[in-house]
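Positions are given from 1 along the sequence.
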Amino acid sequence: MMEKRWLGAFPKIGIRPTIDGRRKGVRESLEEQTMNMAKAVAQLFEENLRYPNGEPVQCVIADTTIGGVAEAAACADKFAREQVGVSLTVTPCWCYGTETMDMDPSIPKAVWGFNGTERPGAVYLAAVLSGYAQKGLPAFGIYGEDVQDAGDTSIPDDVRGKLLGFAKAGLAVALMKGKSYLAMGSVSMGIAGSIVDDRFFQEYLGMRNEYVDMSEFVRRMEEGIYDDAEFVKALSWVKENCKEGPDNNPAQLQTSRDKKDKDWETVVKMTLITRDLMVGNPRLAELGFAEEAQGHNAIVSGFQGQRQWTDHFPNGDFLEAMLNSSFDWNGIRAPYLVATENDSLNGAAMLFGYLLTNTAQIFADVRTYWSAASVERVTGHKLDGHAADGILHLINSGSATLDGTGRQEIDGRPAMKPFWDITKEEAAKCLEATSWRPASTEYFRGGGFSSDFLTRGGMPMTMSRLNLVKGLGPVLQIAEGYSVDLPEHVHNALDKRTDPTWPTTWFAPVITGKGAFSSVYSVMDNWGANHGSISYGHIGADLITLASMLRIPVHMHNVAEERIFRPRAWGLFGTDNPEGADYRACQTFGPLYK
């Protein structure tokens, strides 16, 4: 299958070495040091950051140092030709602020002012950030804590962390721009997140919205608008690698073997069709379907499913779980992002996490808070470790990525990795840890299959959710924590109280003793919707940086204050209460693409 996964070139990071414009001694003495700063940062980015296809990030450096407006304009022209999506200015010295600054309002920007005593890099940093604020162009300020010598070409650890954090978030902004959210169907069971708000996607993310009715699946299946050779390959792979679990339905509601076999054929076709709808498939053009071969340039999508589809056809759990995973019958590859129940807001949170980490995302219901006392009452077991204050049961109807089993490893510990680091053996272990249960026909009258697995404990994870509030706009919430292991009898006792045919992640958020994180209960009580997106790793700081670039305020998080990195102008809205300042700054500057 030859898909057109990524249309066009990936955005590049542009690096702008600015310099004191005074000739006859001053500028000449700084040329080498200034350009070397730019080269050092480019090397840092190219060695540590990758695009979603696994290739190293590309950087573009201005042809000359920038001492005035003419050179700033020449740099802007080069960046436009080179498709630069993120802008970083570096300097060891004083420069002419408004003459040398980057004026593109839609590109995330930062300035690194070298902390040295020979020339006043910090003075320029303060002056130009003041100019950015005055002109309504928020920029990030980067300034090392320790003084460096003029000839020092190294990047201190604190500066390195901020450079990489800014670049990761900036690339996420640039990668979203111009892509699509594809809604397959409409509103599922009255879930507000599946009321797709095109203004949010357009003005905050720079994306467009695409829509297809779920009858398109019927048309493509009945008219053979899919690659039949790939279907045969996929079905054979599924029979060999996707083990079917026991049927939990009452005897009178269980379907025949023939019906189950037909359901397998249908859900495999649905998976092929969903992927083709998202990114296209040149093979369809060869089969005479040139229009369908184009796809919708969708970086993320949502499948309505319930109930109009699932009351009659097999559910979408298989297509969602497999596409959200980093492997299938074509081998190991980047995950596709498909939101259950067309919850576009959780789809957006999945997209944020994916672009920051290049790893698959778990889609789950934030279903149940289990206090330590409740667990002990029901099972006799006393929770300890990360789970000592209670746990959240994250579970959804079989759509979670199979990467979420935790059968991949980093340094011998369970993990979720970028696809280029996943081995065939790890993919096989994820499949082996998953069974496919015949769908609960009380929920899914049309049948189908739901994935069932248990996430391994010990993984650092970050749960996030985007919500829309009338009159306010989008807000983001973040909870860093850990997946936890429970004794088998404890898991079984708790799991069987809900639907045991679905995948479970036991999640313990980190408690700070303040606000929404005063207890695990308060995290659950303050969660803004029924769904959450779960990323591997503690990426809350990166999510906060990204949200500030998009002008989306964060209304709850448990990220330590020293890890938070926002544009310098946010401090001008108040320093005593950063959460309130975040709201005021986002409201004042407005969405990035307004």
Are there more than 12 heavy atoms of other residues, nucleotides or ligands under 6.0 Å from atom [atom1] of [X]?
| X | atom1 | answer |
| --- | --- | --- |
| Glu579 | CD | yes |
| Lys239 | NZ | no |
| Tyr369 | OH | yes |
| Lys243 | NZ | yes |
| Gln252 | CD | yes |
| His489 | NE2 | yes |
| Asp261 | CG | yes |

Checking [X] side chain against [Y] main chain: does a donor-acceptor pair fall under 3.5 Å?
| X | Y | result |
| --- | --- | --- |
| Lys168 | Asp542 | no |
| His296 | Ala298 | no |
| Thr462 | Gly537 | yes |
| Arg333 | Ser325 | yes |
| Thr271 | Val267 | yes |

**Request:** Output, in order, the C-alpha distance, side-chain angles, deciding distance and verdict of salt bridge (Lys or Arg N to Asp or Glu O under 4.0 Å) for Glu265 and Lys260.
**Result:** CA-CA 9 Å; Glu265 294 180 8; Lys260 288 183 172 71; over 6 Å; no
Distance-only check: which donor-acceptor pairs under 3.5 Å involve side-chain atoms of residues 547-556, not counting sequence neighbours?
| unit_1 | atom_1 | unit_2 | atom_2 | d |
| --- | --- | --- | --- | --- |
| Ser548 | OG | Thr545 | O | 2.7 |
| Arg551 | NE | Gly590 | O | 3.4 |
| Arg551 | NH1 | Met549 | O | 2.7 |

Does a donor on one side chain sit under 3.5 Å from an acceptor on the other, for [X] and [Y]?
| X | Y | result |
| --- | --- | --- |
| Ser522 | Asp525 | no |
| Ser326 | Asp403 | yes |
| Asn330 | Lys233 | yes |
| Ser188 | Gln304 | no |
| Tyr181 | Asp197 | no |
| Asn324 | Thr401 | no |
| Gln477 | Asn467 | yes |
| Thr441 | Asn249 | yes |

Check the orientation of [X] and [Y]. Use parallel for under 30°, tilted for 30 to 60°, and perpendicular for over 60°.
| X | Y | value |
| --- | --- | --- |
| His393 | Trp506 | parallel |
| His386 | Tyr482 | parallel |
| Trp237 | Trp329 | perpendicular |

Point-to-point distance, once rounded to the nearest 0.5 Å, from [atom1] of [X] to [atom2] of [Y]:
| X | Y | atom1 | atom2 | answer |
| --- | --- | --- | --- | --- |
| Arg456 | Ser483 | CZ | OG | 9.0 Å |
| Asp317 | Thr310 | CG | OG1 | 9.0 Å |
| Ile191 | Leu345 | CD1 | CG | 11.0 Å |
| Phe352 | Thr357 | CZ | OG1 | 13.0 Å |
| Cys430 | Met416 | SG | CE | 9.0 Å |
| Phe313 | Gln308 | CZ | CD | 12.0 Å |

**Prompt:** Between Arg465 and Gly193, which heavy-atom pair has the shortest distance, and what is it?
**Reply:**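 It is NH2-CA, 4.2 Å.
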**Message:** To check you understand the geometry: which heavy-atom pair defines the closest contact between Leu44 and Leu164, and what is its length?
**Reply:**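 So the minimum-distance heavy-atom pair works out to CG-CD2, 4.1 Å.
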**Asked** By ring-ring contact (aromatic ring centres under 6.0 Å, His included), which residues pair with His531, not counting sequence neighbours?
**Response**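 Scan of His531 (ring-ring contact (aromatic ring centres under 6.0 Å, His included), adjacent residues dropped) gives Phe363.
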**Request:** Please identify each residue that fulfils ring-ring contact (aromatic ring centres under 6.0 Å, His included) with Tyr51, with sequence neighbours left out.
**Result:**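 If we apply the ring-ring contact (aromatic ring centres under 6.0 Å, His included) test to Tyr51, skipping adjacent residues, the hits are Phe10.
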**Prompt:** Quick one: salt bridge (Lys or Arg N to Asp or Glu O under 4.0 Å) pairs with a partner in residues 413-424, sequence neighbours left out?
**Reply:**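 Residue pairs with at least one partner in residues 413-424: Lys417-Glu426.
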**Message:** Can you pull out every salt bridge (Lys or Arg N to Asp or Glu O under 4.0 Å) where at least one residue sits in residues 479-495? Sequence neighbours excluded, please.
**Reply:**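 For residues 479-495: Glu480-Arg563.
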**Prompt:** Is the centre of the Tyr336 ring less than 6.0 Å from the centre of the Tyr354 ring?
**Reply:**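 Not under 6.0 Å, so no.
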**Message:** Please evaluate residues Thr340 and Glu320 with respect to the criterion side chain to side chain donor-acceptor pair (under 3.5 Å), reporting the C-alpha separation (whole Å), side-chain torsions for both, the decisive distance (0.1 Å), and the verdict.
**Reply:** CA-CA 7 Å; Thr340 299; Glu320 293 166 1; 3.0 Å; yes
**Message:** Let's go through Ser399 and Trp502 carefully: what are the C-alpha distance in whole Å and the side-chain angles of both, what is the deciding distance for side chain to side chain contact (heavy atoms under 4.5 Å, CB included) to 0.1 Å, and is it a yes or a no?
**Reply:** CA-CA 8 Å; Ser399 61; Trp502 296 343; over 6 Å; no
**Criterion ring pair (Phe, Tyr, Trp, His ring centres under 6.0 Å) against Phe449, the qualifying member of Trp264, Phe444, Trp436, Phe318** =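 Single pass found, and it is Trp264.
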**Request:** Please name all residues satisfying side chain to side chain donor-acceptor pair (under 3.5 Å) with Asp452, sequence neighbours left out, ordered by chain then number.
**Result:**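 Only Arg437 meet the side chain to side chain donor-acceptor pair (under 3.5 Å) criterion with Asp452.
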**Prompt:** Is it true that Asp499 and Arg367 have a side-chain N and a carboxylate O under 4.0 angstrom from each other?
**Reply:**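 The answer is no: the pair does not qualify as a salt bridge.
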**Prompt:** Would Lys269 and Glu230 pass as an ion pair if we require N to O under 4.0 Å?
**Reply:**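 Looking at Lys269 and Glu230, the cut-off is not met.
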